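Nothing here was measured: the structure is a model prediction, and the numbers come from that model. When a ligand or atom number is given, it counts from 1 through the structure's own listing order.
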Amino acid sequence: MTYVIRGARIGGGEPVDLLLRDGVVAEVGARLSPAGAELVDAAGLIVLPGLVDLHTHLREPGREDAETVETGSRAAALGGYTAVCAMPNTDPVADTAGVVEQVYRLGRAAGLVDVQPIGAVTVDLAGERLAELAAMATSAARVQMFSDDGNCVADPRLMRRALEYVKAFDAVVAQHAEEPRLTEGAQLHEGEVATRLGLAGWPAVAEEAIIVRDVLLAAHVGSRLHVCHVSTAGSVEILRQAKARGVRVSAEVTPHHLLLTDEYASGYDPVFKVNPPLRTATDTAALRQAVRDGTIDAIATDHAPHAVEDKECEWAYARPGMLGLQTALPVALDVFGEDWELIAARMSRAPARIAGLTEHGRDPAPGVPANLTLVDPAARREVDPAELASLSRNTPYAGMTLPGRVVATFLRGEPTVLDGKAVR
Ligand SMILES: [Zn+2]
């Protein structure tokens, strides 16, 4: 199918037409009308490179009651994504070529976004011995990122070996930075709110200590390090210094750490329980500044669907995690305003580069793969959990009104979302 997207503003610029043919942007110009092309009226809409998520939990295999590759892919497409990186903390864990290939094939079968599996660093995420990283890297899934996310690779010797090992295939280790000895029993950010609520604290230093260590290790062995879900002002400062010294480190922040603080937990509603925890207004301010100045490269969702029984229970027993795929762009627009250049950089170009996804994160231009999203910047919508495509309902934004609406998403020139609805 050939499509003409009429009157879209690339990154907020002047309205143009885009011709999508054979999976690529074939032409950009004025009043394009080739015979047989399907017309998509994009008057007033912004066109962005399709969003890329570095940090998605799709829950399949193992917890198909919370999410599947297909339902998560649909949520992603509706959120404006054309590629997502799937975290390996499934059951079984994605620590072999077999499991990463299974997830990869499920993603291709769903066909709504490119699902790029992330491989586990250690066998069964146990932090004891390295998984078969090379076998995953050379599998059909072509894994280029490894993470024990959910767990920290706490053993410094193991972390060093992982960093050394991935150099051979220019892959990256994505660390969930949490010194486990400092967060035993932790329920909420260690601070005023946790004290008031009588909940055990998760201190900022537990994150910062690991980032310092890993930055030093990455510099020592000359490898690429990626830091997942940075949540504290202190972490930002460490990353800023590391980058200034030329360490090959990249970092992501979640939408919820940019918008929400630990004050939201005051009512003990476990929908606000997440790991790392929501922090303070000082932290959110530092994180926002870090996104603006590039100290933080990417906004990543940490989309973490959970079944009702795992979330609607007493705070201490609830699983940490929040939905994110369908609300990330509206939250980013709420926080940063209509800074389309910043949004494209942090939500598409940088994550595509970090994940090694060369077909994604590219501004629409002739010859570029047609992975695009069309956004209505004037729309404002109230988040209704019942409308989300995810199988789970644990969104912290329920009832909030947020700006922006994804009208259409194209994956290799074919729509996955049209008129705000998934095509399948
Ligand atoms: Zn994590």
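Just one of His189, His257, Glu207, Glu178 meets the side chain to side chain donor-acceptor pair (under 3.5 Å) condition when paired with Ser231; it is Glu207.
Ion pairing between Arg424 and Glu70 fails under the 4.0 Å rule for side-chain N and carboxylate O.
Around the Zn ion (ligand 1), the protein N, O or S atoms found under 2.8 Å comprise Asp149 OD1, His176 ND1, His229 NE2.
Remark: Arg279 qualifies as a cation-pi partner of Trp202 under the 6.0 Å distance and 45° angle criteria applied to the six-membered ring.
Using a distance-only test at 3.5 Å, with no hydrogens or angles considered, a donor-acceptor pair links the side chain of Glu252 to the main chain of His229. With His303 contributing its side chain and Gly324 its backbone, the two residues share a donor-acceptor pair below 3.5 Å.
In plain terms, the two heavy atoms of Leu325 and Gly72 that are nearest each other are CD1-O, 3.4 Å.
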